[in-house]
2 protein chains.
Amino acid sequence: MKQCRALNALSALANEHRLEAVRLMVPRGHDGLTAGEIGAALELSASRLSFHLNALEAAGLIESERKGRNICYRVSYGALRDLMGYLLTDCCGAHPEICSSLMACDGKPPGARRG
Amino acid sequence: MKQCRALNALSALANEHRLEAVRLMVPRGHDGLTAGEIGAALELSASRLSFHLNALEAAGLIESERKGRNICYRVSYGALRDLMGYLLTDCCGAHPEICSSLMACDGKPPGARRG
DNA sequence: TTCACGTTTCAACTACTCATGAACTATTGA
DNA sequence: TCAATAGTTCATGAGTAGTTGAAACGTGAA
């Protein structure tokens, strides 16, 4: 991942509504959510919602697909993975203890793990 | 991690110089780098460097310690871990394949892994 | 105490991001 | 074709973030 792409992704995530939108989409997988569902959950006006979803899509963090009247949005997991990899450059080499605690996958939500 | 803290961290990282500074510090572990070393690597004026390091410290992403004339900065790995956990809320529950590819730790830099 | 070095603080300026509401496009069903 | 629904685009103005250079501060050495 190039710095430019990482910066775009971080800038896109550095907004309360966009961060919440992504967190809303993450557990929904490929099915995603319609713009309307996201707007309702975030209590955003249509134009604000569209603005923020566009920003996330432009940053490559989400993808969209029209389904009839609705447009369905889902997280681009590859982009999320690349972003984290970029942030952690070389931490595995010098400090494996950081990566291993960071990267343990036990089937529980990462937010529920500490230490 | 609360949304507010995650937002502060993401905003802090959403800047070319601050992102590079963090990536510079990540592999240095607890030893960190002095402000002068970071400034030289990033080719920043003293005042700009100070501004950016302050922003990172205020966001909780780095810690500082005076060592004689120098001030030593290092990454707060806990903050980085919490931030990623916050982003990935519940992805393990619904989509373990995402987490496992994201979170595999094999001693190689995450940036060198694909797929 | 004085000097030099490394770093921080401040004020002024510029550029960007976000919210708003009206107008617009795309799709569906009568 | 027309109306309803779902979502997007645009212009505007307010607020915030980043850059700059000068001055000030804290520390160690002479």
Can you find a side chain N or O atom of A:Asn15 that sits less than 4.0 Å from OP1 or OP2 on C:dT17?
no
Please determine whether a side-chain nitrogen or oxygen atom of A:Tyr73 lies at a distance below 4.0 Å from atom OP1 or OP2 of D:dA6.
no
Among residues 63-70 of chain A, which ones have heavy-atom contacts with DNA chain D below 4.0 Å?
A:Arg69, A:Asn70
Hey, can you pull the residues of residues 42-51 of chain B with a non-hydrogen atom under 4.0 angstrom from DNA chain D?
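The stretch gives B:Ser47, B:Arg48, B:Phe51 as the residues lying under 4.0 Å from the strand, ordered by number.
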Check the distance between [N]'s [atom2] and [X]'s [atom1] and give it to me in whole angstrom.
X: B:Ile38; N: C:dT7; atom1: CD1; atom2: C1'; result: 12 Å
X: A:His52; N: D:dT8; atom1: NE2; atom2: C1'; result: 14 Å
X: B:Asn54; N: D:dA17; atom1: CG; atom2: P; result: 14 Å
X: B:Arg18; N: D:dA17; atom1: CZ; atom2: C1'; result: 8 Å
X: B:Glu37; N: C:dG6; atom1: CD; atom2: P; result: 11 Å
X: B:Leu56; N: D:dA17; atom1: CG; atom2: P; result: 14 Å
X: A:Leu7; N: C:dT17; atom1: CG; atom2: C1'; result: 16 Å
X: A:Ile62; N: D:dG7; atom1: CD1; atom2: P; result: 13 Å

[X] and [Y]: which non-hydrogen atoms are nearest, and at how many Å?
X: A:Leu42; Y: A:His17; result: CD2-O, 3.2 Å
X: A:Leu13; Y: B:Leu7; result: O-CD2, 3.9 Å
X: A:Cys72; Y: A:Gly32; result: SG-C, 4.2 Å
X: A:Ala12; Y: A:Arg18; result: O-NE, 2.6 Å
X: B:Leu87; Y: A:Val26; result: O-CG2, 3.7 Å
X: A:Ile62; Y: A:Leu53; result: CD1-O, 3.6 Å

Is the closest side-chain heavy-atom distance between B:Asn15 and A:Leu10 below 4.5 Å?
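B:Asn15 vs A:Leu10: side chains apart.
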Mind checking whether B:Met25 and B:Arg23 have side chains closer than 4.5 Å, heavy atoms only?
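B:Met25 vs B:Arg23: side chains apart.
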